[in-house]
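Quick note on labels: first sequence line is chain A, next is B, and so on, each numbered from 1.
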Number of protein chains: 2
Amino acid sequence: MSKKNAILATATRLFSRNGFQGTAVAELSTLTGAATGTIFHHFKNKEALFLQVLKDVKESLLDQFDRHRQQRLPGGSGLAQVLDVVSFYLHLGGTMEDQFLILHRHFPYQMAETSPVCRDHLASIYTSLLDIFEAGIQKGLEDGSVRLDDPRKTAMVLFAMVDGIVRLNTYRVYDAGALYDSLMTACKRLLAGGP
Amino acid sequence: MSKKNAILATATRLFSRNGFQGTAVAELSTLTGAATGTIFHHFKNKEALFLQVLKDVKESLLDQFDRHRQQRLPGGSGLAQVLDVVSFYLHLGGTMEDQFLILHRHFPYQMAETSPVCRDHLASIYTSLLDIFEAGIQKGLEDGSVRLDDPRKTAMVLFAMVDGIVRLNTYRVYDAGALYDSLMTACKRLLAGGP
DNA sequence: AAGCCAACCGAATGATCGGTCGGTTTTTTT
DNA sequence: AAAAAAACCGACCGATCATTCGGTTGGCTT
C-alpha cells in the first residue's frame with residue numbers, strides 16, 4: 001500500500017497545482033518512484049486516479065468539519081456558530097490549500113458532466129458544506145441571534161462569499177487575512193439584520 | 001484581418017471551455033479554417049495568443065460596465081447604485097459566460113506568476129471592478145444610504161460574494177436565478193446595516 | 001510590370017502524451 | 001516450502017502536441 005498512497009498524495013498535489021491535463025503520468029512516476037506500469041496497476045486510468053483523489057478530498061474535508069464540530073463548546077448562539085464555521089472555512093483554505101485548489105478548478109465540474117461518480121462526489125461535498133452553514137443559521141433563528149427569511153438560500157449566499165474569498169486568496173488576487181474583520185462584520189450584518 | 005479575428009473569437013471559446021492546455025492549436029485550425037502556420041504567423045506562440053484573448057476579455061468587460069454606467073439615470077441613491085452593479089454583474093455572468101469562465105479558471109493566475117503582461121491584465125480587471133463597486137459604496141456613504149467602516153474592503157467582500165455566485169452558477173452547483181432575491185436582500189443588509 | 005510584404009498554407013519534426021504488456025519481485029496463503 | 005496472488009517494473013506503442021519552415025498568393029506601391 002505504500003506506493004499506492006504515495007501516488008495518491010503526489011497526484012493530489014499535482015492535480016491541484018497543474019490541473020488534470022497539466023499532470024503527466026510520467027511526472028507522477030518520477031516523483032513517487034513508482035513505474036508507470038505500477039500507477040496503471042492501481043488505477044485503471046488517469047480519470048479513475050483523479051476520482052479517487054476527489055473522494056479523498058471529500059472525506060478529509062468533511063472529516064475536518066466533523067472534528068471541528070465535535071470539539072465545539074456547547075452553549076454558543078447560532079450566530080456565533082455560523083461565524084465560527086466561516087472562520088474555520090477560511091482557516092482550512094490555508095491548511096488544505098491543495099484540496100481547495102482542486103475544488104476551485106474547472107475540470108472536476110466538466111468531468112461531472114460525463115462521470116456520475118464525479119458528479120456525486122461534488123454534490124456530496126456541496127450539500128454537506130451547505131448543511132453545516134445552514135445548521136448554524138437554523139440554530140440562530142431559534143435562539144433569536146439570527147433573523148432572515150430563507151435559511152438555505154442565505155447559507156448559499158454566505159458560502160459563495162466565503163468560498164469566493166478563499167479562492168481569490170489562493171489565486172493571489174486578495175489577501176484573506178486583511179479581509180478577516182470586514183468579512184466577520186459583513187456576516188453579522190447579513191445574518192442579524194432586520195427581518 | 002478576417003482570419004485573425006476568427007482565430008481570436010474561436011480561441012476565446014476554446015480557452016474558456018477547455019482551458020489552456022486543453023485547447024489544441026490543431027483544433028483551432030480546423031474550427032477556423034486557418035492553417036496552423038497562419039495561427040503562428042499572427043501570434044508568436046500559444047501563450048501570446050492567450051494574452052491577446054485576455055486583453056480582449058478585459059477590454060470588452062470594462063467596456064460593458066462603461067456603457068452601463070453611462071446609461072444609468074442620475075439621482076439614485078448610492079445603495080441603489082451598488083445593487084444595480086451587482087445585478088448587472090449577475091447579468092453579465094450569463095451573457096459573457098466565456099469571458100467569465102476564463103477569469104474563473106486557474107491557468108491565467110498561474111501564467112501571471114511568470115508573465116508580467118498577464119499579471120497586469122488581471123490586476124487591471126480586478127482593480128477596475130472593485131473601483132466600480134467602491135464608487136457606489138462611497139456615494140452611499142455620502143447620501144446616507146450606506147453605513148459601514150471600510151469602503152474598499154467591503155467592496156472586496158461584496159465582489160467575492162457576487163463573483164462566487166456567478167462562478168458556482170456556471171459550474172452548475174448553484175442556480176443564480178433562484179438566488180437573486182436572497183442576494184439582493186443580503187447586499188442591502190450588508191451595506192445599510194448599523195455602523 | 002516589377003518589386004514587395006503581409007497573409008496564408010500544410011507537410012514535417014521532435015517531444016511528450018496516456019496506456020499496454022510480458023516479465024520479475026514481494027507478499028500472502030495453504 | 002510450495003503455490004497463488006498482488007505489487008511492481010520499464011521498454012514500447014500509436015496518437016497527439018506545439019512549433020517550424022519553405023513556398024504560394026494577392027493586393028499595394030513605385
Item to check | Flag, side chain of S87(B) to backbone of L83(B), donor-acceptor distance under 3.5 Å | outcome: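 No, the answer is negative, given that no donor and acceptor are paired below the 3.5 Å cut-off.
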
Checklist entry - Does one side chain, of Q70(B) or D66(B), offer a donor that lies under 3.5 Å from an acceptor on the other? => result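 Looking only at side-chain atoms, D66(B) and Q70(B) do not form any donor-acceptor pair under 3.5 Å.
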
Next on the checklist: Does either side chain, that of K58(A) or that of H121(A), offer a donor lying less than 3.5 Å from an acceptor on the other one?
Outcome noted: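 Distance-only check passes for K58(A) and H121(A).
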
Within less than 4.0 Å of OP1 or OP2 of [N], is there a side-chain N or O belonging to [X]?
X: K4(A); N: dA6(D); value: no
X: H42(A); N: dC8(D); value: yes
X: T38(B); N: dC9(C); value: yes
X: H41(B); N: dT19(D); value: no

Determine whether the aromatic ring centres of [X] and [Y] lie less than 6.0 Å apart.
X: Y174(B); Y: Y126(A); answer: no
X: F50(B); Y: F43(B); answer: no
X: F65(A); Y: F133(A); answer: no

Next on the checklist: So if I define the base as every atom that isn't primed, P, OP1 or OP2, how would nucleotides 14-19 of chain C read as a B/S/- string at a heavy-atom cutoff under 4.0 Å?
Outcome noted: ---SSB

Checklist entry - Mind checking whether F15(A) and F20(A) have parallel, tilted or perpendicular rings, split at 30° and 60°? => result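 F15(A) and F20(A): parallel rings.
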
Next on the checklist: Under 4.0 Å, heavy atom to any atom of DNA chain D: which of residues 108-119 of chain A qualify?
Outcome noted: none

Checklist entry - If you look at every heavy atom in L14(B) and T23(B), which pair is closest and at what distance? => result O-OG1, 3.1 Å

Item to check | R167(A) with D163(A): basic N within carboxylate O range, under 4.0 Å | outcome: no

Next on the checklist: Need to verify one output field. Residue with the more 5' nearest nucleotide on DNA chain C, G37(A) or A35(B)?
Outcome noted: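 The residue closer to the strand's 5' end, by nearest nucleotide, is A35(B).
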
How many Å lie between [atom1] on [X] and [atom2] on [N], as a whole number?
X: K3(B); N: dT24(D); atom1: NZ; atom2: C1'; value: 14 Å
X: L28(B); N: dT16(D); atom1: CG; atom2: P; value: 17 Å
X: L14(B); N: dA18(D); atom1: CG; atom2: C1'; value: 15 Å
X: F43(A); N: dA7(D); atom1: CZ; atom2: P; value: 11 Å

Next on the checklist: Any base atoms under 4.0 Å from G22(A), or only sugar-phosphate, or nothing? Heavy atoms, all strands.
Outcome noted: nothing

